[in-house]
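All remarks here apply to the structure that follows.
First the proteins, then the strands, lettered A, B, ... as listed; each starts at 1. Side-chain atoms are counted along with the backbone in the values below, which use heavy atoms only and exclude waters and symmetry mates.
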Amino acid sequence: MSLNTFKVATRALLVNKSRTFLTTLGIIIGVFSVVMLTGLGSGLQAYVSDQFEGLGANTVFVSIGQVFDGEGSFNRGSVGQILSGNKFTLRDIERIKRLRDYVDEVTYFSTNVDEAEFSDNTTPVIILGTLANYPEAIDIDMASGRFFNVNEERSGEKVVVLGDGVAQELFDQIDPVSRKIRIGNQNYRVVGVAAKQGGGFGGPSVDDYVYVPYTLTSRIYQDTDITQFSVKIKSAEMIPEAITAIENELKRSFEEDEFSVFDQSQLLSTINNILSMLTVALGGIAAISLLVGGIGIMNIMLVSVSERTREIGLRKALGATPNEIMIQFLIEASLLSVFGGLIGLGLAYLGAWALQPIFPIKVTLTAVLLALGVSTAVGLIFGVAPARRAANLSPIEALRYE
Amino acid sequence: MAKTTETVKAILELKQVSKIYTLGQQLIPALNKLSLKVCEGDFVVIMGASGSGKSTLLQVASMLSQATEGEIYLKGKNVTEYDEVERARLRNKEIGFIFQQFNLLAKTSAVEQVELPLIYAKVAEEERRERAIEMLKKLGLGDRLANKPGELSGGQQQRVAIARALVNNPSIIFADEPTGNLDSKSGAEIKKILIKLNKEGKTIILVTHDPNVAKIAKRQILIKDGQIIKDVRTDGKKCH
């Protein structure tokens, strides 16, 4: 029976091809958006995790303010605390450096924004004033040349390391090493170019950074505020102890709630929490379109039942039982949604493939199964009402129907 | 008229059957304690003015609708209390329908139209097709197998419908004004087919108000106010 009913249902859909397509369009769009949007969310999550893992497993971050709110999320008040004017002094940092049992390197930085210039090319840059040990603390590879050294750092020489994006903008094909560029109203000598890191989603990325000795930027930009610094710990196992030691040291200058000490895993899990919520929210929004698609199917199936009243009456007269009629219409409804779901999925894969070069999109199996499952369920659920109506038609009334 | 009366088995029997429709508060009796025996091989025509109850009689006798009162026997079996599923199976197996409007499915080929009852009889696909083609050939439509209703004349469409009615080899054929939508030439053609089918032994119950069609039957029944007021037999048979 089922195979025959299946064929009958398929035939009915093929008879009205354009309507069948228009009905499935709702589901196509629904599944497409669910898969795409959750794909964007998951992709973003994977990308961000990747970026943070690059910060180094042995690194501990110290920041002014309470960064986390204790519930797996960032503390919204922390920006205010940073703006409160609290800052770390070089003396605080010296004290941390002296925790030699744990601490390998301490690096810190300040950021400023300015314009860089070489011959006729200009580009906005983020100037990171930092120490010579920054590449070891933060895992930066060099594409050419070298990072500035301790001597250059201490004497505040006008040397600069370019991010890959800045190098491309200013120099294009030319090798920038040893060339002079202008940033703001100062001339700098390029000593190296950092390897491309990618990302940034259209906003500033680390490729738009230039690295300059801290002593130099603090002089030029009159900015010596240190609100964050990174501590490289000797081994990953020591991190919990090291965090306690650093906290104890800082409590001498600050109240307990005026600073935070955390490692990459804590930062990562918090960001993951937030991005998971984002993914769910995106999926939820997309699911609404799936629901609307389902209502579209119900609508068309109801129209189809009343249009085909005579046909239903005839089938019943010829021996179709109410169940057989019901199953025929249920199969029609679920075929519409499964068919739409598959097309939507195909389009989503195509879309993901097309977006891949500019956005880290990741279509997960869970999202695919969920979208297909939900679209099939939608077809079945919204198909029940029309199918019942068809099944309960009296054959005489139906045959008389004009 | 023949002196010896041949006795034949009753294939369909209605005993004191009433059908009452409710219209709001009003009760409308369409059949009023009507009794009728139809025998194997009968060709019965039911006539009557509109509103006389002839269509209701056809619906009740053909298992399309349920009687309010009385009993119905088909091939000796009491089918009065059959539920909807049992009646669907019964219609599929024992009853063939021919309608005034043909009731063919749109955009569906002649073969597929004829296959429909066999689908619900769960006949395997290959056999289904074979039987449908054979039946269409028998009705002179061997060269129209793949044609859809829009590509067939009225007479051809009704012949497809007759093939559909016959394909599952039913015991009784019910025809409701089968020539009502046809020109006289096609109508005559259909009448000839019905006569031929009856000669081959098929029991036919035909509802019409066209006296020219009524003439072809061997038994004429006249209905008024839900009761039989005249029942004339010309073949000398007797039912028991």
Gap between atom CG of Asn16(A) and atom NZ of Lys107(B) - 0.5 Å precision: 5.5 Å
Inspect the surroundings of CZ in Phe102(B) and state if more than 12 heavy atoms from other residues, nucleotides or ligands are less than 6.0 Å away. yes
Contacting moiety of Ser55(B), where chain A heavy atoms sit under 4.5 Å: neither
pair Leu105(B)-Arg315(A): side-chain heavy atoms closer than 4.5 Å: yes
If you count the non-hydrogen atoms of other residues, nucleotides and ligands that lie under 6.0 Å from NZ in Lys191(B), is the total more than 12? yes
CD of Glu311(A) to OG1 of Thr108(B), rounded to nearest 0.5 Å, is 7.5 Å
Between Glu84(B) and Pro322(A), which heavy-atom pair has the shortest distance, and what is it? OE2-CG, 3.5 Å
Let me know if Arg164(B) has heavy atoms under 4.5 Å from chain A in its side chain, its backbone, both or neither. side chain
State, to 0.1 Å, how close Ala88(B) and Ala320(A) come at their nearest heavy-atom pair, and which atoms those are. CB-O, 3.7 Å
Looking at CG of Leu104(B) and CZ of Arg310(A), how far apart are the two atoms once the value is rounded to the nearest 0.5 Å? 10.5 Å
Atom OG1 of Thr321(A) and atom CG of Asp83(B): how far apart are they, to the nearest 0.5 Å? 10.5 Å
Among Glu112(B), Lys93(B), Arg87(B), residue most engaged with chain A (heavy-atom pairs, under 4.5 Å): Glu112(B)
Does the side-chain contact (heavy atoms from CB on, under 4.5 Å) test come out yes or no for Leu399(A) and Asn103(B), once each step is laid out? CA-CA 8 Å; Leu399(A) 280 171; Asn103(B) 278 329; 3.3 Å; yes
To check you understand the geometry: which heavy-atom pair defines the closest contact between Asn92(B) and Gly319(A), and what is its length? CB-CA, 3.6 Å
Within 6.0 angstrom of Glu126(B) CD, more than 12 heavy atoms from elsewhere: no
Contact part of Glu86(B) toward chain A, heavy-atom cut-off under 4.5 Å: side chain, backbone, both or neither? neither
Out of curiosity, Phe99(B) CZ to Leu314(A) CG, how far, rounded to the nearest 0.5 Å? 5.5 Å
